[in-house]
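Lettering follows sequence order; numbering is per chain, from 1.
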2 protein chains.
Amino acid sequence: MSRTAIATKKVTIRDVARLAEVSYGTVSRYLNGNEHVSTDAARRIAKAIEESHYTPNKAARSLAQQRTSTVAFIVQVESIATLLQASTAAAMAEANQTLGDAGYQMVTLIANSEDSTQRIAQLVQSDFADGYLLFSLSEDDSLINIFRTAHRPVVLSEASDRSTAVSYPAVDFANADGQCSITRYLLDQGKIRLAYVCGPGYSPSSSKRLHGFKQAMGAYFDDSHVYYADDWEIASGEMAAVEFQPMLHDLDGIVCANDNIAIGVINQLRRFGYRVPEDIAVTGFDDSPIATMMDPKLTTVRQDSWLHGRVMSQLLLRMLHGEVVDHQTVKLLPTEIVTRQSA
Amino acid sequence: MSRTAIATKKVTIRDVARLAEVSYGTVSRYLNGNEHVSTDAARRIAKAIEESHYTPNKAARSLAQQRTSTVAFIVQVESIATLLQASTAAAMAEANQTLGDAGYQMVTLIANSEDSTQRIAQLVQSDFADGYLLFSLSEDDSLINIFRTAHRPVVLSEASDRSTAVSYPAVDFANADGQCSITRYLLDQGKIRLAYVCGPGYSPSSSKRLHGFKQAMGAYFDDSHVYYADDWEIASGEMAAVEFQPMLHDLDGIVCANDNIAIGVINQLRRFGYRVPEDIAVTGFDDSPIATMMDPKLTTVRQDSWLHGRVMSQLLLRMLHGEVVDHQTVKLLPTEIVTRQSA
DNA sequence: CTGTTAGCGCGTTCAG
DNA sequence: CTGAACGCGCTAACAG
C-alpha cells in the first residue's frame, strides 16, 4: 500500500487514465488544453499525473502530432574558431531564451564537416524540429539546400548577396552602413589617407564591410590600399601591417574588417615604432570583449549579437504561428560606432 | 512516367517497399543491417530508397526502437558569461566531432533558468537522447537529479567534491595539481610571499584550485592573503588588487584562480605603479586565448578543453556500448604549466 | 462532456 | 528468407 509508487517502468498515458478512472482519450484532451473536460475529471487527472510522476513521451507525441516543440539552431562553421566567437555564443544564448519563453526547446547542432552536414540533413528530413535557425558564417550552400523538402520555417543569420535558387528570410547587421560610418568618422577628422584590411573571402560580411568602406571613400578609394586577409585572426592583422609597411609613413589610418585584425595591426604598428592613434588611427568591427581589454582600447563598430539571436527567434516564432513571411525578407539590424582610444 | 518522382509528400518505408516489390518488413530488416535479406531484394531496396529519396523518420524509429542515436550536451550555466568561455565552446566542438564519428548526433541544450531546467527535465524523462554529457560550471544540483529516472548513461564534466545521493562518472582536470605546480614554480624562484585570488564559491574548480595553492604553500599559507572573488571576470581581479593594496609592497607574487582575474590584477597593479613580473609576479589558470594577447603575456596553467570534450564523449560512448562504468569513476586530465612573461 | 478507435512510421516477433 | 500482424505512446476524429 505504498503511497508514492516508485517509477519502476515507464508510466504512460494509460496508467494515468486508469488511476484517474477515465479513458485515456480524456487524459489526452486534458493534456492538450482541450475545453471539453469536466472540472471533476480534470482534478482527478491532475492528481493522477502528480502521483504517477507522468511525463508525456516526446517521440510518441511528435509522431502523432507532427510537431516537436523544438527548434534547431544550426551553426555552420568554416573553422571551429568561429564557434569560439563570443558573438555566436551570445546569439545562441539569447535565441535559447527567447524560444524557451515561447515554449520551444532549442537544440544546437554543429555543422563542420561533410559528415555532420549529412547527419543533420537526415534529421531535418524527418522533421526533427518545427523550425530552424541557420547561423552561418560561411558561403557554403550545402546546408541551406537541405530545407527544401522539409516544409518548415527557416531563418538565416546572414543576408546572402548572391541570388541562390532557394532563399529564406534573414536577419543581418547593417555591415556596410557600419563600416561606412566609421570610415566617415575618420574622414571627418581629416584622416583621409586610409588603408583597409578586408576579412576572408568566404564570408559575406567581409565583402559588405569592404563595400561600406568603398562607399565612404568614394573616388579616393584605391584598391592597392586594401589587404585581403585569409581569416579573422590577429595574425592576419599583423601580416597586413607588414604588407603595408612601405606606405605606412603616409597613412592616416587603417580601417579593419574586425577587432581581431585591428589588434594585430596595432601590435605590428607598434613594433614598427608607430603610435596609435597619434601617428596612425586604427578601427575595428564587432566590439568584441577584447576591444576593451587592449591598450589602447579599440574604437570600433558595435553590433548587438544578443539582439541578433532575439530578432531571428522572434521572426521564426511568427512563422511558426502561421504568419507567412516573404522568403526575400531581410531585417537589417543597426550598428553603432563606439569611440574609444584607437581612433 | 517521370523517372525521379518529386518528393511531394512524406515518403515512408511502405513506399519504398512498394517500389522494391517487397514487404516493408523486409525493408526494415535491410535498414537495420539484418542478415536475412537476399542480395537481390537488397539491391532492389537500395535502388528504391535512392529513387524515392527516402529518409527514415526519427520519431517513429525511436518510438519503436527505444533509442534515438543522439546524445545531449547539456550546458548548465550560472551566468551566460560561462557560455561565452572559449573552453566551453572547445569542449562542445570536440564532443560533437567525437560523437559524430561514432554515429551519434549531438544536440546542445542550455540550462540557464528554472524554466529551461524544467523543459530539459521533460525531454530527458521521455528518453529524448541515448546519453547525456552534463557540462556544468555550477554547484547547482537541480539538473543532476533529473537523470535518476532515465536509465541512460551520463557523464559529468566536473568531479563534485561533495558526496551527493546520485553521482555519475566524471571527467575533470587536475585542478589542484595544476595550481600546486605553478605555485611551486614561484616558490622555487624564491618568490615565497604570495597572495591568492580565489574564484567564485559556486564553482567546484574554485575550491580545488585554492586547495592546490594551500598544498604548495604548506605552513606558509595565510588566509588573510586570500581574496574571494564573486565571479571569474576581469573586474574581480581589479578589485582583488585594490583589496591587496596595503600589503602589495611586500608581496612577491599573486596566484590567480583564472586568466581573467589575473589580467584584472595586472591592470590594477600597473595603475598602482608596480611592474609585472619584476615587482610582483602574477599567474593565471586556463590558458585562454587572451593569455597571449596581453602584455606581458600570461604565465598560466594550461588545460586542454578539446581533450576534455573528447574524453567525456569517449567515456559516454563506451557506456552506450554497454560497458558498465562505476558511477564513482573520475578521470583526471593533466594540466601543464605554460611559462610566459608574467611570472 | 467522454469513451472508442484509427492512424503516425517503424521495429519486431512469429508463422510460413 | 519473407510477409503479416502487433505494439511503441499519443493525438484526433467520431460516435455517443
Side-chain angles (χ1 to χ4, degrees), chain A residues 7 9-45 48-49 52-70 122-128 130 149-151, chain B residues 7 9-45 48-49 52-70 122-128 130 149-151:
Chain A
K9 277 299 159 200
K10 287 290 154 201
V11 25
T12 80
I13 199 173
R14 288 183 150 92
D15 301 322
V16 176
R18 207 173 305 131
L19 254 168
E21 296 178 314
V22 294
S23 84
Y24 68 88
T26 306
V27 178
S28 174
R29 272 184 291 262
Y30 170 83
L31 255 24
N32 294 285
N34 191 307
E35 317 293 306
H36 308 284
V37 179
S38 67
T39 51
D40 183 50
R43 206 181 46 254
R44 296 211 310 278
I45 293 173
I49 288 179
S52 59
H53 288 19
Y54 168 73
T55 313
N57 180 302
K58 272 279 186 190
R61 171 172 279 183
S62 77
L63 182 58
Q65 203 173 217
Q66 306 283 43
R67 9 169 295 135
T68 61
S69 290
T70 86
Q122 178 142 343
L123 287 173
V124 170
Q125 280 174 39
S126 63
D127 286 335
F128 156 83
D130 294 346
T149 50
H151 300 189
Chain B
K9 276 300 160 197
K10 286 292 153 201
V11 25
T12 80
I13 200 174
R14 287 182 151 91
D15 302 322
V16 176
R18 205 173 308 129
L19 255 166
E21 295 178 315
V22 295
S23 86
Y24 68 86
T26 307
V27 178
S28 173
R29 271 184 292 261
Y30 169 82
L31 253 26
N32 295 283
N34 191 307
E35 316 294 303
H36 307 284
V37 178
S38 64
T39 51
D40 182 51
R43 204 182 46 254
R44 295 211 311 277
I45 293 173
I49 288 180
S52 61
H53 287 21
Y54 168 73
T55 313
N57 179 301
K58 271 277 183 194
R61 169 173 277 184
S62 77
L63 185 57
Q65 202 173 213
Q66 307 283 43
R67 7 170 297 132
T68 61
S69 290
T70 85
Q122 177 142 345
L123 287 173
V124 170
Q125 279 175 39
S126 61
D127 286 335
F128 156 82
D130 294 345
T149 51
H151 299 189

Rounded to the nearest Å, what distance is computed from the [atom1] atom of residue [X] to the [atom2] atom of nucleotide [N]?
X	N	atom1	atom2	result
L31(B)	dC10(C)	CG	C1'	9 Å
N32(B)	dC10(C)	CG	C1'	9 Å
D15(B)	dC10(C)	CG	P	9 Å
R43(A)	dT2(C)	CZ	P	12 Å
Y30(B)	dG11(C)	OH	C1'	17 Å
R44(A)	dC1(C)	CZ	C1'	12 Å
R18(A)	dG9(D)	CZ	C1'	13 Å
H36(A)	dA15(D)	NE2	C1'	14 Å

What is the nucleic acid contact for V27(A), judged by heavy atoms within less than 4.0 Å: base, sugar-phosphate only, or nothing? nothing
How close do [X] and [Y] get, heavy atom to heavy atom, and via which atoms?
X	Y	value
K58(B)	S69(B)	NZ-CB, 3.6 Å
A59(A)	S62(B)	CB-OG, 3.5 Å
V27(B)	I45(B)	CA-CD1, 4.0 Å
S52(B)	V11(B)	O-CG1, 3.4 Å
E21(B)	R44(B)	O-NH2, 3.3 Å

Roughly how far apart are [X] [atom1] and [Y] [atom2], rounded to 0.5 Å?
X	Y	atom1	atom2	value
R18(A)	S23(A)	CZ	OG	12.5 Å
I13(B)	R61(B)	CD1	CZ	8.0 Å
H151(A)	D127(A)	NE2	CG	9.0 Å

Under 3.5 Å, is there a donor-acceptor pair between the N57(B) and S126(A) side chains? no
Decide yes or no, distance alone: a donor-acceptor N/O pair under 3.5 angstrom between the base of dG3(D) and the side-chain of R29(B). yes
Whether [X] contacts [N] is assessed here as follows: a side-chain N or O lying under 4.0 Å from the phosphate OP1 or OP2. Is that the case?
X	N	answer
S28(A)	dT11(D)	yes
S23(B)	dT2(D)	no
S38(B)	dT2(D)	yes

To 10°, what angle do the rotation axes through the five end pairs on each side of the helix from dC1(C)-dG16(D) to dG16(C)-dC1(D) form? 40°
List every contact pair, protein side and nucleotides 5-9 of chain C side both N or O, where the distance is under 3.5 Å.
from	atom 1	to	atom 2	distance (Å)
dC8(C)	O2	A64(A)	N	3.4
dG9(C)	N2	A60(B)	O	3.4

